[in-house]
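Notes follow once the structure below has been shown.
The structure presented is a predicted model; accordingly, all values stated were derived computationally and were not measured.
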Amino acid sequence: MDSTPLALIATLSRLITKVTDRIAGDRSEFPLMVAAVTAESLRLCGIQSNVFYGQAAWVEVMENQALMWAGCWGEHTHFWVATQFGEVVDLNTSVSYRKRSHANPDHQPKFSPPLLWSKEVPGFYRYIPEGIAEIELDSERDRRWFETCMTEIKEKLADIPGILATPDEDLDFPDEAILCPGRRILDDAAQSFRHYDRALLVQGIPDRPF
């Protein structure tokens with residue numbers, strides 16, 4: 001096995017995005033919690049991973065179709081997961097339009113890039129790891145949120161062999177665009193990636209911010 005099985009990607013991405021959105025209200029504001037839940041969920045499936053911190057950016061499409069880099073760099077830090085297969089996993093990118101940019105708080109994006117679960121990272125993402133994050137849940141709220149998320153996810157992962165046996169055509173992904181291993185992109189019901197990709201094809205990817 002040289003990548004996370006597609007059945008696990010579908011199940012974990014759907015469970016994690018759903019439960020963290022519900023528990024936190026909006027997971028886009030809590031990348032460390034999302035990454036921590038992702039790493040622990042992978043561990044339950046027998047897959048090793050680490051939570052990394054560092055600079056990260058991705059291209060977003062504005063309401064006027066202009067392209068702009070968003071993310072965390074300089075004084076700001078982002079968190080994501082790297083699996084034992086070398087995959088970069090970021091389950092927050094597709095909802096980054098819900099979060100105001102640190103550098104451009106007045107700009108409202110219309111389309112964000114897909115969720116990312118892939119060894120191959122296209123040029124509209126950029127990740128520069130600075131180290132492995134130590135997960136310290138200092139506040140009672142953070143501990144409660146993490147425990148609540150993991151209790152639900154553990155219940156849904158009770159039959160991992162059954163999940164792995166699910167045919168590809170029966171897999172249930174989140175209704176968010178996602179980039180899977182082999183550059184396989186699954187779009188959402190609104191065809192967000194189709195609109196996103198069209199804007200990039202017309203204008204080209206802007207110069208990197210760092």
Side-chain angles (χ1 to χ4, degrees), residues 9-10 13-14 16-35 37-38 52-82 87-130 172-210:
I9 293 176
S13 61
R14 175 174 47 81
I16 294 166
T17 55
K18 183 177 180 180
V19 73
T20 54
D21 261 342
R22 190 180 73 247
I23 298 302
D26 183 351
R27 75 180 191 274
S28 69
E29 298 289 343
F30 302 97
L32 176 56
M33 184 184 76
V34 173
V37 170
T38 300
F52 281 87
Y53 69 90
Q55 301 181 76
W58 43 86
V59 176
E60 294 185 331
V61 180
M62 301 296 112
E63 289 284 354
N64 63 0
Q65 295 299 298
L67 302 181
M68 182 174 295
W69 284 96
C72 298
W73 59 87
E75 298 179 355
H76 304 286
T77 300
H78 188 58
F79 299 91
W80 64 93
V81 171
E87 300 158 327
V88 176
V89 182
D90 191 341
L91 299 184
N92 266 22
T93 48
S94 66
V95 292
S96 66
Y97 69 88
R98 302 195 307 219
K99 185 176 180 180
R100 295 291 183 176
S101 167
H102 296 298
N104 299 281
D106 295 329
H107 290 260
Q108 180 59 50
K110 186 175 183 180
F111 297 112
S112 297
L115 297 170
L116 178 62
W117 197 310
S118 177
K119 295 178 189 177
E120 299 176 88
V121 179
F124 48 81
Y125 305 97
R126 183 160 170 76
Y127 291 88
I128 298 182
E130 297 176 4
D172 187 10
F173 286 84
D175 189 19
E176 299 176 23
I178 182 169
L179 174 59
C180 298
R183 286 184 173 264
R184 179 177 181 180
I185 293 181
L186 303 175
D187 214 342
D188 58 13
Q191 295 190 309
S192 298
F193 181 74
R194 180 184 175 188
H195 297 297
Y196 177 87
D197 189 45
R198 181 182 300 160
L200 266 63
L201 286 173
V202 170
Q203 302 182 58
I205 298 174
D207 291 339
R208 291 176 170 181
F210 55 84

Do [X] and [Y] touch side chain to side chain, with heavy atoms closer than 4.5 Å?
X	Y	result
P122	L179	yes
P114	T93	no
E60	S96	yes
S118	E87	no

Pairs involving residues 108-129, ordered by first then second residue, that meet salt bridge (charged side-chain N to carboxylate O under 4.0 Å, His left out) (sequence neighbours left out)
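Qualifying pairs: E120-R183.
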Minimum heavy-atom separation for [X] to [Y], with atom names?
X	Y	value
W117	V89	CE3-CG1, 3.5 Å
L115	P174	CD1-CG, 3.9 Å
I16	T20	O-OG1, 2.5 Å
F193	A177	CB-CB, 4.0 Å

How long is the straight-line distance from CG of L91 back to CD1 of I178, given to the nearest 0.5 Å?
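Interatomic distance, I178 CD1 to L91 CG, rounded to 0.5 Å: 6.5 Å.
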N92 CG to S112 OG distance, which is reported to the nearest 0.5 Å:
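Reported value, rounded in 0.5 Å steps: 10.5 Å.
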Please step through side-chain contact (heavy atoms from CB on, under 4.5 Å) for the pair T77 and C72, ending with a clear verdict.
CA-CA 5 Å; T77 300; C72 298; 5.7 Å; no
Residue from W73, Y53, Y125, W58 passing ring pair (Phe, Tyr, Trp, His ring centres under 6.0 Å) with H78
W58
Sort and list the pairs that fulfil side-chain hydrogen bond (donor to acceptor under 3.5 Å, both in side chains) and have at least one residue in residues 190-201, not counting sequence neighbours.
D188-S192, Q191-R194
Counting only pairs under 3.5 Å, give me each side-chain donor-acceptor contact of residues 201-210, with atom names and distances, residues two or more places apart or in other chains.
{"unit_1": "Q203", "atom_1": "NE2", "unit_2": "Q65", "atom_2": "O", "d": "2.3"}

Once side-chain hydrogen bond (donor to acceptor under 3.5 Å, both in side chains) is applied, do any residues pair with E176, and if so which ones, sequence neighbours excluded?
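E176 satisfies side-chain hydrogen bond (donor to acceptor under 3.5 Å, both in side chains) with R27, S94 only.
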Y127: what forms a ring pair (Phe, Tyr, Trp, His ring centres under 6.0 Å) with it, not counting sequence neighbours?
W80
Excluding sequence neighbours, so at least two apart, what forms ring pair (Phe, Tyr, Trp, His ring centres under 6.0 Å) with F173?
none
